Protein chains: 2
Amino acid sequence: MEKKEAITIQDIARKAKVSPSTVSRVLNDTVPVASDKRDAVLAAVKELNYRPNLIAQNLVRGKSMVIGVLTQDTASPFYGQIHQGIEQGLTGSGYQPMFVIGNWQVSEELVALETLMMRQVDGIIILGGNIPDERIKEVATEIPLVMTARWVKGLEQQCLQVDNVKASYDATRHLIELGHRHIIFVMGLPSIGDTLERQKGYYQAMQEVNLDIDPQLLVIEGNFTQLSGLLAIEQLLNRKQFFSAIFAMNDEMAFGAMLALYRHGLRVPEDISLVGFDDQDHTAYTIPPLTTVRYPMFDMGFMAAQSILKLIQGQAINLPLLPTQLIVRESTMRYQQ
Amino acid sequence: MEKKEAITIQDIARKAKVSPSTVSRVLNDTVPVASDKRDAVLAAVKELNYRPNLIAQNLVRGKSMVIGVLTQDTASPFYGQIHQGIEQGLTGSGYQPMFVIGNWQVSEELVALETLMMRQVDGIIILGGNIPDERIKEVATEIPLVMTARWVKGLEQQCLQVDNVKASYDATRHLIELGHRHIIFVMGLPSIGDTLERQKGYYQAMQEVNLDIDPQLLVIEGNFTQLSGLLAIEQLLNRKQFFSAIFAMNDEMAFGAMLALYRHGLRVPEDISLVGFDDQDHTAYTIPPLTTVRYPMFDMGFMAAQSILKLIQGQAINLPLLPTQLIVRESTMRYQQ
DNA sequence: ACCATATTTGAAACCAATGTCAATTTTCGC
DNA sequence: GCGAAAATTGACATTGGTTTCAAATATGGT
């Protein structure tokens, strides 16, 4: 609270009767220093409780030791897991993440990104968002950059991806194998990258078996929130659409769907089978526990972090397609009748 | 990726044929500058795509424009909401939050805190954690600091709090008014600040009516995870303990409890009433929707942010006791015989 | 016009560190 | 014990900005 004068390397030098250069040398252990002076410096450091000023260090070294993370939402468990992965992927490296938030608004994302650049971050990780591809490409020429949950043509090497089509195909296929034919797909906003790919996987699986049903009729749109899932199913039920299973594009919408079914006296899975997507923390504890697709959020963050570090060190990176996995729990069962 | 030479204020000065001082002046608008030179500077800035180096700026100004946030967990929705609040409370101020993670480990928390200090953050917000009070007090003498979800004697002015006792009393009281007398309290780790207070509120309410029942027998311990809630109830059920209601200290444990009850064929609320704590995003979408206590996570973050800004500006702060609210949904009902 | 005052401008110091370079000291071979 | 090579050390420039101070220029009153 008080404005105590910060102690600098000068103070240490004076106290230890050496030059600032020498202090720097013992602190960074760059060049051997006579042990008596070394001890004097260390003693002075301890006594004055000296703490190097990273800002000055960063200025002279030309690095900030910060990795900027342009994200969209800190409160969602989905992004939270990615953040966790990033954080862990960075521990021990000396780099700190700095999270800036875009809220899915291009304008906000642009200023957030600009903030990172001004702070001279040493690398940038972009998570989703709506910022124009062009801008990303520009930035990528200036600074190491990787992104996840997003795909930019021309920067394929720097996009960390999941095989959404296959993941979605697998989930749909699971329902088909249980005998379901009228499977509702609750999609998300088409502007978000993953949506179209997951829709594609759904169509693929459906078209393999449902030659006489038009799957287009079974697709309804939500905006990723629980409420939108609930509303979508309500609407379906009200117009007496027939279906025996639901595949929601994320867990939240599946939760909403679950509540809508409950409100209408429909049981999961006896009456309707339900599959989610993401495998959020909570899915194992819904009633009944939800069958879903495990999306490797933590791993994505972790790998993004490790990759950016490699890029900074000038190493080449080779981003794998991260695997998803269908987790069968208790919200799906064989179609009855 | 490439190491393009960054352009500095010198480059602008040269291009605009003025001195660096003048460039600084037009950029910061501190002193009027003749309009022709001004235009020349602005033109050069635009043409060279100049971006001020915040590190240099911070060094000379002696501020980092960063608020350090020592938190414990980025992935939990509970902390996520607080982070969101902090982020929003800081927007427009020019300050950025920097989150560092302690994982509830004192050693990690200490280094995380040290990192913040070395980075010369202008203020610190501490969220929970196990760092010794003494250390917090030391830091508080050096730098503006506020904390939430934590209480340090001697720094009461800087602790943003919720009336846990009352919140917990209210929740218990709600069950009592519904006729319940054997109410299980699922507590969290006693090392975490809130735990004891909430336990106190529970006892208070219980002792008002249950003069013949020893509420101590009804308290079981969890560690805040869903699994621990599940296990606790399993155990209870296995030893045939009688109860008609459960009050869990956080929503996660309530979710776990819910599943345990479901596994044993017990219905909520017909057989057992259940109350959670926090009002996480998800609680409105459990089956049935969960009665819980709304904990103002976002507001806490927001207010913490605003307060730290005030402290930095040398203003006094007066932290209110934030209100909680019982949200009655569908997991509680009148005790049936 | 002329001088006093006000405004604009640039040179130079400064922020807190690092690292180059040259001077000084130490080590070591003979 | 002496000279050359090696090791240690300090002075100083540097990083990219801001700000003080004084010089240069512009303004205004008479």
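Order of the sequence lines sets the chain letters (A, B, ...), proteins ahead of strands, with each chain counted from 1. All values derive from a computational prediction rather than experimental measurement.
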Next item on the list: Using a cut-off of strictly less than 4.0 Å, decide whether B:Q57 has a side-chain nitrogen or oxygen near OP1 or OP2 of D:dG16.
Entry: no
Notebook entry, point to check: Could you give the CZ-to-P distance, from B:R51 to D:dG17, as a whole number of Å?
Noted result: 11 Å
Notebook entry, point to check: Side chain of A:T30: nearest nucleotide among C:dT18, D:dT19, C:dG19?
Noted result: C:dG19
Next item on the list: Select base, sugar-phosphate, or nothing to describe what B:V23 touches, counting heavy atoms under 4.0 Å on all strands.
Entry: nothing
Note to self: Please confirm whether the shortest side-chain N or O distance from A:S19 to OP1 or OP2 of D:dG10 is below 4.0 Å.
What the structure shows: yes
Margin query: So which atom in A:Q120 and which in B:L54 form the shortest heavy-atom distance, rounded to 0.1 Å?
Written below: OE1-N, 4.4 Å
Next item on the list: Give one of base, sugar-phosphate or nothing for A:R25, where a contact means two heavy atoms less than 4.0 Å apart.
Entry: base
Notebook entry, point to check: Where is the tightest heavy-atom contact between B:M65 and B:D122, given as atom of each residue plus distance?
Noted result: N-OD2, 2.6 Å
Next item on the list: Just compare C:dG10, D:dT18, C:dT9 and give me whichever is closest to any side-chain atom of B:V33.
Entry: C:dT9
Item checked: Spacing of A:M65 atom CE relative to C:dA17 atom P, expressed in whole Å -> 17 Å
Item checked: Whole-Å distance separating the CG atom of A:L54 from the P atom of C:dA16 -> 14 Å
Next item on the list: Could you tell me the separation between the NZ atom of B:K63 and the C1' atom of C:dA16, rounded to a whole number of Å?
Entry: 18 Å
Note to self: Tell me the interatomic distance from A:D29, atom CG, to C:dG19, atom P, rounded to whole angstroms.
What the structure shows: 13 Å
Check: Where the side chain of B:L59 is concerned, which of D:dT19, D:dG10, C:dA16 is the nearest nucleotide?
Finding: C:dA16
Check: Atom CD1 of B:I55 to atom P of C:dT18: distance rounded to whole Å?
Finding: 14 Å
Notebook entry, point to check: Touch check for B:S21, heavy atoms < 4.0 angstrom, all strands: base, sugar-phosphate only, or nothing?
Noted result: base
Next item on the list: If the plane angle is over 60° it's perpendicular, under 30° parallel, otherwise tilted; pick one for A:W104 and A:Y79.
Entry: perpendicular
Checklist line | Pair B:D39 + B:K46: basic N to acidic O under 4.0 Å | finding: no
Note to self: Let's see if you can work this out: which of D:dT18, C:dT9, C:dA16 has an atom nearest to the side-chain heavy atoms of A:A56?
What the structure shows: C:dA16
Check: Taking the nucleotide of DNA chain C with the closest heavy atom to each, which residue, B:R61 or B:T22, is nearer the 5' end?
Finding: B:T22
Check: Could you give the CD1-to-P distance, from B:I9 to D:dT19, as a whole number of Å?
Finding: 11 Å
Margin query: By nearest atom, which of the nucleotides C:dT18, C:dA17, D:dT18 is closest to the A:N28 side chain?
Written below: C:dT18
Notebook entry, point to check: Between B:Q10 (CD) and D:dA13 (P), how many Å, whole number?
Noted result: 16 Å
Next item on the list: Hey, can you tell me if B:H83 and B:F99 have their rings parallel, tilted or perpendicular (30° and 60° cut-offs)?
Entry: tilted
Check: When you measure from the side chain of B:V60, which nucleotide among C:dA16, D:dG10, D:dG17 comes out closest?
Finding: D:dG17
Margin query: Taking 4.0 Å as the cut-off, does a side-chain nitrogen or oxygen of B:T8 come that near to OP1 or OP2 on D:dG16?
Written below: no
Notebook entry, point to check: Which pair of non-hydrogen atoms, one from B:V33 and one from B:R38, has the smallest distance, and what is that distance?
Noted result: CG1-N, 3.9 Å
Next item on the list: Describe the nucleic acid contact of A:P52 in one word from base, sugar-phosphate, nothing, applying a heavy-atom distance below 4.0 Å.
Entry: sugar-phosphate
Next item on the list: Respond yes when some side-chain nitrogen or oxygen of A:Y50 is under 4.0 Å from OP1 or OP2 of C:dA17, and no when none is.
Entry: yes
